[in-house]
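Being a predicted model, the structure only gives us computed values, none of them experimental. Order of the sequence lines sets the chain letters (A, B, ...), proteins ahead of strands, with each chain counted from 1.
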Number of protein chains: 2
Amino acid sequence: MKTQVIPNLSVDCVIFGFDGLELNVLLKERTLKDDKGNFIINDHTLTGHHVLKGETAEQAAQRILKDVTGFDNIFLNQFHTFSETDRLSSPKDQIWIKYLKQNTGLNIADHVISIAFYALVDTKKFRPDQQHQNVAWYPVKNIPELGFDHKRIMEKALESLRYHAKHEPIVFELLPEKFTLTELQNAIEAIFDIKLDKRNFRRKIQQVKYIIPLDEKQHGVAHKPANLFIFSWDVYERTKKEKLILPF
Amino acid sequence: MKTQVIPNLSVDCVIFGFDGLELNVLLKERTLKDDKGNFIINDHTLTGHHVLKGETAEQAAQRILKDVTGFDNIFLNQFHTFSETDRLSSPKDQIWIKYLKQNTGLNIADHVISIAFYALVDTKKFRPDQQHQNVAWYPVKNIPELGFDHKRIMEKALESLRYHAKHEPIVFELLPEKFTLTELQNAIEAIFDIKLDKRNFRRKIQQVKYIIPLDEKQHGVAHKPANLFIFSWDVYERTKKEKLILPF
DNA sequence: GCAAAAGTGTTCTCACTACACCCATGT
DNA sequence: ACATGGGTGTAGTGAGAACACTTTTGC
């Protein structure tokens with residue numbers, strides 16, 4: 001029994017990772033050579049796949065993430081659906097689609113609607129190597145050329161991540177379970193591309209009851225070891241209160 | 001020549017309207033009677049339609065809004081795509097789908113993915129009457145029973161509207177071009193379901209350069225006529241600056 | 001002992017809160 | 001003249017911004 005795809009529906013995942021210093025995105029190499037070994041295509045794409053029959057978009061996204069990283073239960077957020085009719089129509093993308101059809105039998109429709117998600121992971125948890133389908137981390141500030149409309153998708157993902165990160169404590173999805181305040185500050189600075197004042201930042205964090213200091217310090221660092229903290233979703237849910245923000 | 005639909009893709013529009021006092025949603029009646037004239041189905045749905053071949057989701061949404069209200073260029077925001085496999089599987093919805101197939105030839109697939117938009121309009125601009133496909137305004141605070149998964153879609157739309165309204169000056173899409181500060185305050189209060197202090201609100205608005213007082217007052221009101229204001233998207237774009245908001 | 005990051009306090013400014021009365025118009 | 005919403009000021013409080021030095025560890 002063959003699993004059937006819904007031919008005009010796909011899911012693309014923008015996988016963000018934080019390495020303690022920089023915000024990165026996981027990209028897949030896309031290369032195609034002619035008979036003489038010269039590159040016809042040599043760029044990158046997001047990780048994506050078709051939606052299968054009987055599957056929701058969310059399930060498809062989790063499946064893709066599992067395929068790529070080997071992990072379940074990655075934080076995922078659906079942020080936009082791209083339905084432009086010319087999404088796949090650039091000459092390069094057409095060559096690629098033709099190649100896939102000839103070599104893998106995968107049939108990509110003319111007009112594919114893509115439901116896009118972003119995922120947040122701690123880069124240290126997933127270090128891609130050669131088994132990993134030619135994927136690698138690239139810093140958000142220095143993204144290589146992307147195929148299809150993936151540059152657009154990537155930009156919208158970053159915008160949505162920022163939007164979302166202002167309202168809910170999702171930064172912690174980028175950090176290890178136990179983290180230092182400097183790591184937290186770096187993560188926020190990386191997401192928003194800003195610089196914060198260390199003392200003001202720490203004063204603010206002290207007031208937050210769901211960021212809990214542990215009786216535990218860093219080990220093996222060549223400087224004064226930092227205190228470790230954990231984020232408690234439980235305490236967050238119990239103590240959160242909506243603050244009204246007006247756009248002006 | 002028949003226009004072709006993409007059978008497994010639809011667009012649903014949550015049309016919000018503001019009447020100066022309350023936030024409303026435009027809903028369509030859905031009724032079906034048996035031979036004896038008893039209601040088999042008597043509830044409401046959002047306005048929606050299939051996506052046509054060669055059309056983007058955004059174009060489909062604009063087309064639906066034009067069909068329903070007669071207006072072009074309505075403010076639209078795509079907020080989520082619903083792909084649950086049981087979206088249309090309740091007994092009532094199945095009866096309705098069967099009825100549509102028999103009576104209109106419209107064939108609705110088992111698994112329809114719906115790209116959902118919300119729209120913002122000034123209620124006074126569009127007052128539905130009997131020509132208008134049995135649509136009517138219902139206050140958001142008192143929504144009748146909805147078919148399919150439209151209650152869920154409606155709730156998510158409201159959540160997204162609130163989210164969005166915190167960051168960008170989209171409230172003005174709900175107001176007439178010239179509005180009073182009380183109307184503006186009422187709109188914000190209706191969106192967020194809160195009460196604001198009049199004096200503090202007005203002090204805040206005074207600082208905002210893109211909400212511009214006119215040399216013009218209300219007419220025909222049985223009280224001191226209010227000053228009228230306009231919103232300038234131009235001034236907004238020129239003067240806006242991102243304020244950093246942390247979720248804690 | 002030196003390199004490297006951790007950790008810590010004070011002052012100033014400004015935005016948010018709470019609160020009550022007179023004003024201009026239509027009927 | 002009266003009903004209706006329009007329009008206004010002040011004092012108190014608290015959060016955010018700017019800013020530099022000492023501490024603790026590994027090597």
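- Applying the 4.0 Å criterion to OP1 and OP2 of C:dT8, one finds that A:Arg199 has every side-chain N and O outside that range.
- In this structure, A:Ile205 atom CD1 and C:dG7 atom C1' are separated by 15 Å, rounded to whole Å.
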Please output the side-chain donor-acceptor pairs of residues 13-22 of chain B that fall under 3.5 Å, not counting sequence neighbours, one pair per line with the distance.
unit_1: B:Asp19; atom_1: OD1; unit_2: B:Leu21; atom_2: N; d: 2.8
unit_1: B:Asp19; atom_1: OD1; unit_2: B:Glu22; atom_2: N; d: 2.6
unit_1: B:Asp19; atom_1: OD2; unit_2: B:Asn24; atom_2: ND2; d: 3.2

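- Checking side-chain atoms of B:Thr31 against main-chain N and O of B:Ile41 turns up no donor-acceptor pair under 3.5 Å.
- Atom CZ of B:Phe201 and atom P of D:dT8 are 14 Å apart (whole Å).
- Each of B:Ala222 and B:Asn227 lies near DNA chain D, and the nucleotide nearest B:Ala222 is the one positioned closer to the 5' end.
- Figure legend: B:Arg30 and B:Phe148 shown as a cation-pi pair, the cationic atom lying under 6.0 angstrom from the six-membered ring centre and within 45 degrees of its axis.
- Nucleotides of DNA chain D nearest to B:Phe248 and B:Gln206 differ in position, and the one nearer the 5' end is that of B:Gln206.
- Distances shown here put a side-chain N or O of B:Thr182 below 4.0 Å from the OP1 or OP2 atom of D:dG6.
- The CZ-P distance, from B:Arg202 to D:dT10, rounds to 18 Å in whole Å.
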Return the polar atom pairs (N/O with N/O) between nucleotides 14-16 of chain C and the protein under 3.5 Å, or none.
unit_1: C:dC16; atom_1: OP1; unit_2: B:Lys204; atom_2: NZ; d: 3.1

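- Along DNA chain C, the nucleotide closest to A:Asp197 and the one closest to A:Gln218 are compared, and the more 5′ of them pairs with A:Gln218.
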Item to complete: Show your reasoning for whether salt bridge (Lys or Arg N to Asp or Glu O under 4.0 Å) applies to A:Asp197 and A:Lys204.
Response: CA-CA 11 Å; A:Asp197 180 90; A:Lys204 180 140 198 178; over 6 Å; no

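- In this structure, the side chains of B:Thr123 and B:Trp137 come closer than 4.5 Å at one or more pairs of heavy atoms.
- Residues B:Val221 and A:Lys224 each lie close to DNA chain C; by heavy-atom proximity, the contact nearer the 5' end of the strand is made by A:Lys224.
- When the nucleotides D:dG6, C:dA6, D:dT24 are ranked by their closest atom to the side chain of B:Ala226, D:dG6 comes out on top.
- The NZ atom of A:Lys198 sits 19 Å away from the C1' atom of D:dG16 (whole-angstrom rounding).
- Counting to the nearest Å, the C1' atom of D:dG5 and the CD atom of B:Glu189 are 14 Å from each other.
- Side-chain proximity of B:His223 to the nucleotides D:dT25, D:dT4, C:dG7 is greatest for D:dT4.
- Residues satisfying the side-chain contact (heavy atoms from CB on, under 4.5 Å) test with A:Ala116, not counting sequence neighbours, are A:Phe79, A:Phe82, A:Ile153.
- One can place CD1 of A:Ile194 at 14 Å from C1' of D:dG16, the figure rounded to the nearest angstrom.
- Remark: P of C:dA5 and CG of A:Asn186 are 11 Å apart, rounded to the nearest angstrom.
- At whole-Å resolution of the value, CD in B:Glu183 and P in D:dG5 are 13 Å apart.
- The backbone N or O of B:Lys28 sits nowhere less than 3.5 Å from a side-chain atom of B:His44 that would complete a donor-acceptor pair.
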